[in-house]
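As structure tokens, the structure follows; a few thoughts come after it.
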Amino acid sequence: MRDPYPNHNIETNLIKIENLYKSIFTEVGNTSIELSKHLVLIAHEDSSNNDAASLELMEHNYGYSISYWDGYSLAEKIDAQDIRAALKIFKRLAKKLAKNLQRFSSQT
């Protein structure tokens, strides 16, 4: 099924995504966000881990994929056909990433 809102994509939601990042990751530290027309990447900046935790939202011809890397491996990969569903999943996984990074940081 095609997105009923074809003008709604990652590019038209960049400000919303950036604000989401700022609200969730303000207290976390050592994270960065990369925003482009077809990709959003939130990454933990950890030089001691080649596979540092990250969250990626990618736009494809067929829809969107959200990938959550927990710092060891690909923990979750979810596909969504429309941007609204993709953003909902992205937000849930962003909160999970922030919580896990805070927990890990408090143990060191």
Side-chain angles (χ1 to χ4, degrees):
M1 178 178 193
R2 293 191 61 88
D3 186 355
Y5 305 97
N7 296 333
H8 293 227
N9 52 30
I10 290 177
E11 185 176 15
T12 60
N13 284 282
L14 287 177
I15 292 172
K16 181 179 182 179
I17 294 167
E18 185 174 22
N19 289 337
L20 175 74
Y21 169 78
K22 289 176 183 177
S23 70
I24 294 174
F25 290 90
T26 300
E27 303 293 321
V28 177
N30 293 331
T31 60
S32 63
I33 186 168
E34 178 184 324
L35 299 165
S36 69
K37 290 170 62 170
H38 304 289
L39 173 74
V40 176
L41 175 66
I42 298 174
H44 181 225
E45 297 171 348
D46 182 0
S47 59
S48 66
N49 186 348
N50 290 337
D51 292 322
S54 65
L55 177 61
E56 179 181 86
L57 169 62
M58 184 176 287
E59 185 175 334
H60 304 283
N61 291 336
Y62 58 85
Y64 303 87
S65 62
I66 304 95
S67 301
Y68 173 70
W69 297 81
D70 64 7
Y72 302 103
S73 64
L74 179 62
E76 292 187 53
K77 183 174 186 308
I78 303 168
D79 293 322
Q81 290 188 346
D82 65 82
I83 189 66
R84 290 179 184 183
L87 288 174
K88 185 175 181 180
I89 295 163
F90 185 80
K91 181 177 182 178
R92 178 179 59 83
L93 292 175
K95 288 179 178 180
K96 181 177 180 177
L97 175 62
K99 182 179 176 182
N100 287 339
L101 290 176
Q102 285 177 318
R103 185 179 305 148
F104 176 74
S105 297
S106 66
Q107 292 177 357
T108 56

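All residue numbers in this chain count up from 1 along the given sequence.
Two residues are said to be in side-chain contact when any heavy atoms from C-beta on lie closer than 4.5 Å; Arg92 and Lys88 fail this criterion. Under the 4.5 Å side-chain criterion, counting only non-hydrogen atoms from C-beta, Ile17 is in contact with Leu87.
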With side chain to side chain contact (heavy atoms under 4.5 Å, CB included) as the criterion, how do Asn100 and His44 come out once you've worked through the C-alpha distance, each side chain's angles and the decisive distance to 0.1 Å? CA-CA 11 Å; Asn100 287 339; His44 181 225; over 6 Å; no
Does Ile15 form a side chain to side chain contact (heavy atoms under 4.5 Å, CB included) with Asn19? I'd like the steps, not just the answer. CA-CA 6 Å; Ile15 292 172; Asn19 289 337; 3.7 Å; yes
Evaluate side chain to side chain contact (heavy atoms under 4.5 Å, CB included) for His60 paired with Ser65, printing each intermediate quantity in order. CA-CA 8 Å; His60 304 283; Ser65 62; 2.8 Å; yes
Side chain to side chain contact (heavy atoms under 4.5 Å, CB included) assessment of Leu97 paired with Phe25: CA-CA 9 Å; Leu97 175 62; Phe25 290 90; 3.9 Å; yes
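Between Ala53 and Leu101, the shortest heavy-atom distance links the atoms CB-CD2, 4.2 Å. Listed here is the closest heavy atom pair of Ala43 and Ser54: CA-CB, 4.0 Å. For the pair Ala80 and Ala85, the tightest heavy-atom approach, listed with the atom from each and the gap, is CB-CB, 4.1 Å.
Hydrophobic cluster membership differs between Met58 and Ile89, with clusters built from Ile, Leu, Val, Met, Phe, Trp and Tyr side chains linked at under 4.5 angstrom. Hydrophobic clustering (side-chain heavy atoms under 4.5 Å, transitive across Ile, Leu, Val, Met, Phe, Trp, Tyr) keeps Leu41 apart from Tyr68.
Taking Ile, Leu, Val, Met, Phe, Trp and Tyr as members and joining any whose side-chain heavy atoms lie under 4.5 Å apart, directly or through other members, the hydrophobic cluster of Leu74 also contains Trp69.
The distance from atom CD1 of Ile66 to atom NZ of Lys91, rounded to the nearest 0.5 Å, is 14.5 Å.
Annotation: salt bridge (charged side-chain N to carboxylate O under 4.0 Å, His left out) contacts involving residues 53-75, sequence neighbours excluded, are absent. Applying the ring-ring contact (aromatic ring centres under 6.0 Å, His included) definition to pairs two or more places apart or across chains, none involves residues 76-99.
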Please list every donor-acceptor pair under 3.5 Å in which a side-chain atom of residues 28-40 meets a protein atom from a residue at least two apart or in another chain.
residue : atom : partner : partner atom : Å
Thr31   : OG1  : Tyr21   : OH           : 2.9
Ser32   : OG   : Glu45   : OE2          : 3.2
Ser36   : OG   : Leu39   : N            : 3.2
Ser36   : OG   : Leu39   : O            : 3.2

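Applying the side-chain hydrogen bond (donor to acceptor under 3.5 Å, both in side chains) rule to Lys16 yields no partners; only residues at least two apart in sequence or on another chain are considered. The side-chain hydrogen bond (donor to acceptor under 3.5 Å, both in side chains) search around Glu76 returns Lys96, not counting sequence neighbours.
Remark: side-chain polar atoms of Asn9 are paired, donor with acceptor, to backbone N or O of Thr12 under 3.5 angstrom.
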